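Computed from a predicted model, the values in this text were never measured in an experiment.
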Amino acid sequence: MPQFRTERVGQTIQEKIGSLILEGKIKDSRVNSFLSITKVDVSKDLSYADVYVSDIRGKISEREVEGLQSAAGFIQSQLGAVMHIRKIPRLRFHADKSIGEAFDLIKKIEGLVTEQDKKLSAN
């Protein structure tokens with residue numbers, strides 16, 4: 001039962017932070033609307049939430065993560081208005097580089113395919 005609760009809290013946090021970013025309510029200049037919350041891991045006692053952030057353009061910088069971390073107090077207050085739990089988890093933001101790595105992998109695969117096509121057409 002507790003695991004279900006932490007997953008539900010994580011989902012709510014992910015949705016709310018995503019909407020705050022999309023709506024431009026976070027006024028830090030380092031935070032832009034291309035940021036996406038990819039995953040939220042909430043501790044069993046609900047004291048911490050590790051929030052993984054990615055940039056849909058591919059590369060995320062530590063500067064963007066720092067912008068979110070500096071706005072953590074505001075974000076937690078917004079979460080408190082929506083979530084009806086005794087204690088809002090303390091937010092810790094981390095860069096999720098998986099989208100950028102996926103783009104790089106796709107480019108490499110496309111490069112191999114075009115290379116193979118050139119070899120086949122040469123024969």
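Remark: Gln78 engages Lys16, Leu20, Phe74 in a side chain to side chain contact (heavy atoms under 4.5 Å, CB included) (not counting sequence neighbours). Taking the side-chain hydrogen bond (donor to acceptor under 3.5 Å, both in side chains) definition, one finds that Arg90 meets it with nothing, sequence neighbours left out. Remark: Leu22 engages no residue in a side chain to side chain contact (heavy atoms under 4.5 Å, CB included) (not counting sequence neighbours). A search for side chain to side chain contact (heavy atoms under 4.5 Å, CB included) contacts involving Lys97 returns Ile60, Glu62, Ala95, Glu101, not counting sequence neighbours. Residues forming a side chain to side chain contact (heavy atoms under 4.5 Å, CB included) with Arg92 (at least two apart in sequence, or on another chain): Tyr48, Asp50, His94.
Hydrophobic clustering (side-chain heavy atoms under 4.5 Å, transitive across Ile, Leu, Val, Met, Phe, Trp, Tyr) keeps Val82 apart from Val42.
Atom-to-atom distance recorded for Ser19:OG and Lys25:NZ is 7.0 Å, nearest 0.5 angstrom. With values rounded to the nearest 0.5 angstrom, Asn32 atom CG is found 10.5 Å from Ile26 atom CD1. In this structure, Gln76 CD and Ile17 CD1 are separated by 9.0 Å, a value rounded to the nearest 0.5 Å. We find the CG-CG distance between Asp28 and Leu68 to be 8.0 Å, quoted to the nearest 0.5 Å.
Contact between Glu64 and Arg30 at its shortest, heavy atoms only, is CG-O, 3.5 Å. Across all their heavy atoms, Ala72 and Leu91 have their closest contact at O-CD1, 4.2 Å. Nearest heavy-atom pair, Pro89 versus Ile13, reported as atom, atom and distance to 0.1 Å: CG-CD1, 4.0 Å. The minimum heavy-atom distance linking Ser43 with Ser47 is given by the pair OG-N, 3.1 Å.
No donor-acceptor distance shorter than 3.5 angstrom exists from the side chain of Ser54 to the backbone of Ser36, with no hydrogens or angles considered. Counting only distance, with no hydrogens or angles, the side chain of Thr38 and the backbone of Tyr52 share a donor-acceptor pair below 3.5 Å. Gln14 places no side-chain N or O within donor-acceptor distance of the main-chain N or O of Val40, the cut-off being under 3.5 Å.
Side-chain contact between Arg5 and Leu46 is present, with at least one heavy-atom pair separated by less than 4.5 Å. Between Phe93 and Ile75, some side-chain heavy-atom pair lies under the 4.5 Å cut-off.
In the hydrophobic clustering, where aliphatic and aromatic side chains (Ile, Leu, Val, Met, Phe, Trp, Tyr) are joined below 4.5 Å either directly or transitively, Phe34 groups with Ile56.
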side-chain contact (heavy atoms from CB on, under 4.5 Å) for Ile37 and Val53? Distances and angles first, verdict last. CA-CA 5 Å; Ile37 307 301; Val53 184; 3.9 Å; yes
